[in-house]
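From a predicted model like this one, the values you see are computed outputs, not experimental measurements. The residues of the chain are indexed from 1 along the displayed sequence.
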Amino acid sequence: MSKTHDFPTQVIELPSKGLLYPDGHPLQKGTIEIKYMTAREEDILASQNLIKKGVVLDKLFESIVVEPNVDINDIFIGDKNAILLATRVLGYGSDYEVEVTDPFTLERQNVVIDLSKVKTRDFDENLVNSQNRYVYTLPTSKKEIEFKLLTHGDEVEINKEIQAKQRLYKGKVEVDFNVTTRLRYMILSVDGNDDRKFVNNWVENGFIALDTRKFRNHVNSISPDMDLKFEFTSEITGETEALDIPFGVSFFYPSN
């Protein structure tokens, strides 16, 4: 049992090492206290209403963070991934049995991923800051954009907006909306212009594909996170390839 709670908790290290959080923030120390999953969290995971709304993992996340004085909306995505991963291991163990598509044969194959082998991704600590404001010059258009790294709070708002657009355009257009919506939340200004109407319009109509790919790669390179990949070996060909670990609701439903 925790000294401050009447339920078992665990302190885990954050991929960001606390470097992304402003002075005085409780997560600046680089660790966070979370609770072990209980029957209450299993009720959340079993809620068909939350699953249909697409918010079940967000609700689980809200339930397990017990660090004092922390607003979960402040938590950066890479740190959130580490918290959910630790929650899965603490709740159901490190073996994760899942069905994936063999990239060499396109056949379905069952694999067991050892989650204890997932490590924190290396990042250059000199490239991040506690103000969460970054500048990047696009290689093709040469425009200078200011951007931020996304937090859990941003992700919640992004998902709400995407779902609203999907309902609005249902049956009219087959568009995902995910890329442009996330970019609009990330980009703060373009060539010094921070007018939101201008920035949003530029993201949707002026952000050329050659630059968007380079920008996403840059953001990925400076973002503290877990290395959410595993080495897949094809049962048919014997070939190996690093694949993304499937990370959704089923992540919290062990096969036995």
Side-chain angles (χ1 to χ4, degrees), residues 1-38 40-41 44 55 57-90 118-136 144-161 181-190 192 194-196 199 215 218-228:
M1 292 290 181
S2 165
K3 293 180 180 179
T4 55
H5 303 286
D6 58 359
F7 46 78
T9 66
Q10 181 80 27
V11 174
I12 68 167
E13 295 184 357
L14 299 172
S16 70
K17 302 180 182 180
L19 298 174
L20 303 184
Y21 299 93
D23 289 342
H25 195 284
L27 297 185
Q28 196 178 43
K29 64 184 184 300
T31 60
I32 190 170
E33 185 177 14
I34 63 174
K35 65 176 290 192
Y36 282 69
M37 282 177 51
T38 64
R40 179 175 184 271
E41 282 69 43
I44 292 173
V55 298
L57 291 187
D58 288 338
K59 294 301 180 184
L60 174 67
F61 182 63
E62 293 171 8
S63 179
I64 58 180
V65 174
V66 295
E67 180 75 32
N69 304 314
V70 168
D71 182 344
I72 63 167
N73 290 321
D74 294 342
I75 299 176
F76 287 90
I77 300 303
D79 290 343
K80 175 183 177 180
N81 288 338
I83 292 167
L84 289 175
L85 178 68
T87 299
R88 168 54 165 83
V89 173
L90 291 172
V118 177
K119 304 300 181 183
T120 301
R121 197 168 66 192
D122 291 333
F123 72 100
D124 188 340
E125 296 181 17
N126 295 315
L127 296 180
V128 299
N129 61 68
S130 59
Q131 291 76 46
N132 196 22
R133 298 182 83 89
Y134 303 90
V135 174
Y136 179 68
E144 184 180 86
I145 58 176
E146 187 178 27
F147 68 96
K148 68 176 184 177
L149 302 182
L150 296 176
T151 64
H152 169 68
D154 293 322
E155 198 167 61
V156 169
E157 293 304 313
I158 288 169
N159 290 336
K160 285 180 182 177
E161 185 171 327
T181 305
R182 293 182 73 84
L183 288 173
R184 285 195 293 100
Y185 273 79
M186 293 181 65
I187 296 174
L188 304 173
S189 70
V190 181
D194 61 0
D195 177 76
R196 288 317 305 169
V199 172
F215 173 65
H218 174 69
V219 172
N220 186 60
S221 71
I222 70 170
S223 299
D225 205 340
M226 305 302 293
D227 185 7
L228 296 173

message: Can you tell me how far apart CG (L127) and OG (S221) are? Round to the nearest 0.5 Å.
response: 7.0 Å

query: Is it the case that more than 12 heavy atoms not belonging to N69 sit under 6.0 Å from its CG atom?
result: no

With sequence neighbours excluded, residues passing ring pair (Phe, Tyr, Trp, His ring centres under 6.0 Å) with F61: H152

- request: Check step by step if side-chain contact (heavy atoms from CB on, under 4.5 Å) holds for F147 and V190.
  value: CA-CA 9 Å; F147 68 96; V190 181; over 6 Å; no

- request: Assign the ring pair F76 / Y21 to parallel, tilted or perpendicular, where the plane angle (0 to 90°) is split at 30° and 60°.
  value: perpendicular

query: Looking only at heavy atoms, which two atoms of V118 and D227 are closest? And how far apart?
result: CG1-O, 3.5 Å

- prompt: Looking at residues at least two apart in the chain, or sitting in another chain, which of them share a ring pair (Phe, Tyr, Trp, His ring centres under 6.0 Å) with Y185?
  reply: none

- request: State, with a plain yes or no, whether a side-chain heavy atom of P224 is found less than 4.5 Å away from one of K17.
  value: no

message: So which atom in K35 and which in S63 form the shortest heavy-atom distance, rounded to 0.1 Å?
response: CD-O, 3.4 Å

query: If only atom types and distance count, is the side chain of E67 paired as donor or acceptor with the main-chain N or O of E33 below 3.5 Å?
result: yes

field: Of all pairs that satisfy salt bridge (Lys or Arg N to Asp or Glu O under 4.0 Å), the ones with a partner from residues 70-82, not counting sequence neighbours
entry: D58-K80, K80-E155

- request: Verify whether one side chain among R121 and N220 offers a donor that lies under 3.5 Å from an acceptor in the other.
  value: yes

query: How would you list, by chain and number, every residue that makes a side chain to side chain contact (heavy atoms under 4.5 Å, CB included) with D194, sequence neighbours excluded?
result: S189

- prompt: Salt bridge check: are E41 and K59 linked by an N-O gap of less than 4.0 Å?
  reply: no

- request: Taking the side chain as every heavy atom from C-beta outward, state whether Y134 and I145 have any atom pair closer than 4.5 Å.
  value: no

task: Please list, chain by chain and in numerical order, all residues satisfying salt bridge (Lys or Arg N to Asp or Glu O under 4.0 Å) with D154, sequence neighbours excluded.
output: K148

task: To the nearest 0.5 angstrom, please state how far the OG1 atom of T181 sits from the CD atom of E157.
output: 12.0 Å

query: Hey, does L14 have a side-chain heavy atom less than 4.5 Å from the side chain of L27?
result: yes

- prompt: Is any side-chain heavy atom of I75 closer than 4.5 Å to a side-chain heavy atom of V70?
  reply: yes

- prompt: Hey, which of T9, I64, L90 is the one that makes side chain to side chain contact (heavy atoms under 4.5 Å, CB included) with Y36?
  reply: L90

- request: Provide the closest heavy-atom pair for L228 versus N81 in the form atom of the first, atom of the second, distance.
  value: CD1-ND2, 3.9 Å

field: Over 12 foreign heavy atoms within 6.0 Å of CD, E13
entry: no

- request: Check side chain to side chain contact (heavy atoms under 4.5 Å, CB included) between I12 and all other residues, then give those that pass, not counting sequence neighbours.
  value: Q10, I32, I34, I83, A86

- prompt: Can you list the steps and then say if I158 with L150 is a side-chain contact (heavy atoms from CB on, under 4.5 Å)?
  reply: CA-CA 10 Å; I158 288 169; L150 296 176; 3.8 Å; yes

Contact check, side chains of I222 and Y136, non-hydrogen atoms, under 4.5 Å: no

task: For residues R196 and I187, report the shortest heavy-atom separation together with the two atoms involved.
output: NH1-O, 2.9 Å

- prompt: Is there a donor-acceptor pair under 3.5 Å between the side chain of N132 and the backbone N or O of L149?
  reply: yes

